[in-house]
Structure formats: structure tokens, C-alpha cells
Amino acid sequence: SMEERIESERTSSIVRLAAGVAHELGNPLNSLTIHLQLIERKLKKLSEQKDAAKLAESLQVCQGEVQRLDGIITHFLEAVRPQKPELNELDLLALVEEVLRVQEVELSDRLLDVKVEVSDDLPTILGDRGQIKQVFFNLIKNAMEAMQAGGSLRVLARRDADHVYVQFVDTGSGISEEDLSKVFQAYYTTKKEGHGLGMMIVERIMREHGGCINIESHKDKGTAITLQFPRQLRRTRLLE
Ligand code: ADP
Ligand code: MG
């Protein structure tokens, strides 16, 4: 609709502006890094003075913060960079298994039980291989991180007349009702080492594929995340 188009144009211009700002931060950050290194070298020569140790400590804090800013910008640019999906026929089960293999060691280290259940008649979808893998990766990672005390992850795939669904069900910490609306916001995280961009990326990729994502969660019980993909008309059927 017209409204949706205006909304998506507004969003993309905000994204461009933000990407520009993040890019502009790069040069001063570089200069700061270089000058902090110079100060560090000069400080070493002054090391006999008693204030030097304190100064060196502050310097380290500054260097750490510069690194943190750099990380924030890098992740941000990755998250907003417009990527047009390159559409291919994808076997969802094969992709889920590929992503699970990447995370196998961590899954077994944490004694997490993993089950994949796929209905026999699951059709392929049209999607960008790399982007859909990123969606699965982010969701499995979050599920893992939500199950610090062990638990199980089930991946279910099924279809109906118009859609293909892939569901990730974990028995982890869950999300309270009031926090549910926040999970797609950039930088929303409840983790010490979190970036708060994973779910935002997932949501964007699903939207670009004409799909959507739905979350059901209960605090301390677990979370079920459902991806809905449109069913594609198979090319062969068009020829029939
Ligand atoms: P990050 O993982 O870096 O925190 P995300 O965007 O991936 O950022 O997730 C945002 C927040 O949503 C998480 O910090 C967590 O609070 C919540 N969340 C996402 N997935 C789950 C899940 N499966 N179980 C519990 N909480 C979740
Ligand atoms: Mg995450």
C-alpha cells in the first residue's frame, strides 16, 4: 500500500543517514587511536614519575573505549547495510542442519538436547542462502544463550497452503510480556556481551523475503519463535 511504501522509504532514509553518521565516526576514531598510541609511548619514557602509572591506567581505559566504539560501529554497519536478497531455491532442512553443525560443539558442551522435525512434504522456498543461514544462526544462538542451565531446542518445519513455517522452540529463560516488544529494537540486549542487533537483523531479512516472525514466550519456561515464509509457485508448475 501507499502508506507502507512511504513508511519503508522513511525507514531506508533513516538507515542511510545513520550509516553515514557511523561512517563519519570512523575518521576521528582512527585519529584517536593513533594519538593514544603516541601518548602511550611518551608515557613509557616518563615511567619514573609517580603519576605515570595512573596516567597509563587512564590511557588503557581510553583505548578500551575506543575499541568498544569501533565494535559498535562495525556491528551497526553490518546490521543496516542494505542487502538485496539473491533468490535461490532453498532446502530449509539442509540449511538448518548446516547451521546446527557449525554450533555443534557449543551445543554439546552445554549438554543441550537438539531435535529437528520436518514434515515430509516440505517444499523449497525462494531465499538468499547466506541471509537465511544468518537468521537460523542468530535464533539458535539466542536459544543456546537462553539455556545456561541446560535444556532442549526443537526445530520444527511444516507448511500449509500458502506458507512454510520454521519454528525454534527452546526451554530457556523466556521473555516477559513487557520485554517482548523490545527484542527487535537495535541495541536492546539483556546480556553482558550482547550487541542487541541479532533480532533486528532477523526481522529485516524476513521482511525482505516477504515473510515474518512471531514470538511466543513465557518467563522461565521458554520461547517459541516462528518464521513464516511465503510458499513460492514452483517454476516447473508454471510450465505444466
Ligand atoms: P543479543 O543476543 O546480542 O542480546 P538479540 O537482538 O539477538 O541481541 O536479542 C535481543 C534480546 O532478546 C536478548 O538479549 C534476549 O533478552 C532476548 N531474546 C532473544 N531470543 C531469546 C530467546 N530464545 N530466549 C530468551 N530471550 C531471548
Ligand atoms: Mg543474539
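Basis for what follows: all heavy atoms, side chains included, without hydrogens, waters or symmetry-related copies. Just follow the structure's listing: the first ligand is 1, and inside any ligand the first atom is 1.
Between Glu57 and Lys54 there is no salt bridge, since none of the side-chain N atoms of the basic residue sits less than 4.0 Å from a carboxylate O of the acidic one. Ion pairing between Glu97 and Arg101 fails under the 4.0 Å rule for side-chain N and carboxylate O.
Judged by the shortest distance from any of its heavy atoms, Leu197 lies inside the 4.0 Å radius around the atoms of ligand 1.
Protein heavy atom at the shortest distance from atom 23 (N) of ligand 1 is Asp170 OD2, 2.9 Å. With hydrogens left out, the protein atom closest to atom 24 (N) of ligand 1 is Ala146 CB, 3.3 Å, a heavy atom. Among all non-hydrogen protein atoms, the one lying nearest atom 19 (C) of ligand 1 is Asn142 ND2, 3.6 Å. In terms of protein heavy-atom proximity, atom 10 (C) of ligand 1 is nearest to Tyr188 O, 3.3 Å. Nearest protein heavy-atom neighbour of atom 17 (C) of ligand 1: Val183 CG1, 4.0 Å. For atom 4 (O) of ligand 1, the nearest protein heavy atom (residue, atom name, distance) is Thr189 OG1, 2.5 Å.
Here the CG-OG distance, from Asp113 to Ser108, works out to 12.0 Å after rounding to the nearest 0.5 Å. With rounding to the nearest 0.5 Å, the separation of CZ in Arg158 from CG in Leu156 is 8.0 Å.
Residue contact check: Met199 has heavy atoms under 4.0 Å from atoms 5 (P), 6 (O), 7 (O), 9 (O) of ligand 1. Interface of Ile175 with ligand 1, defined as ligand atoms under 4.0 Å from a residue heavy atom, comprises 18 (N), 25 (C), 26 (N), 27 (C). When each atom of ligand 1 is checked for a heavy atom of His195 under 4.0 Å away, the hits are 3 (O). Atoms of ligand 1 lying under 4.0 Å from any heavy atom of Gly194, numbered from 1 in the order shown and given with element: 3 (O). Ligand 1 places these atoms under 4.0 Å from at least one heavy atom of Lys191: 1 (P), 2 (O), 4 (O), 13 (C), 14 (O).
Of the polar atoms of Gly196, at least one N or O is found under 3.5 Å from an N or O of ligand 1, judged by distance alone. Annotation: Met200 places no N or O atom under 3.5 Å from an N or O atom of ligand 1; distance criterion only. At under 3.5 Å, not a single nitrogen or oxygen of Ser173, backbone or side chain, sits near a nitrogen or oxygen of ligand 1.
For the pair Met147 and Arg110, the minimum side-chain heavy-atom distance is 4.5 Å or more. Between Leu112 and Met144, the closest side-chain pair of non-hydrogen atoms falls below 4.5 Å. Contact check for Met206 versus Leu227: side-chain heavy atoms found under the 4.5 Å cut-off.
Taking hydrophobic clusters as Ile, Leu, Val, Met, Phe, Trp and Tyr residues chained together by side-chain heavy-atom distances below 4.5 Å, Phe137 shares a cluster with Leu90. If you chain together hydrophobic residues whose side chains sit under 4.5 Å apart, Tyr165 and Ile205 never meet in one group.
Counting heavy atoms closer than 4.0 Å to ligand 1, residue Thr190 contributes atoms from both its backbone and its side chain.
At a cut-off of 2.8 Å, Thr189 does not coordinate the Mg ion (ligand 2) through any N, O or S atom.
By the 30° and 60° cut-offs, the orientation of the rings of Phe168 relative to Phe136 is tilted.
More than 12 heavy atoms of other shown residues, nucleotides or ligands fall within 6.0 angstrom of atom CD in Gln37.
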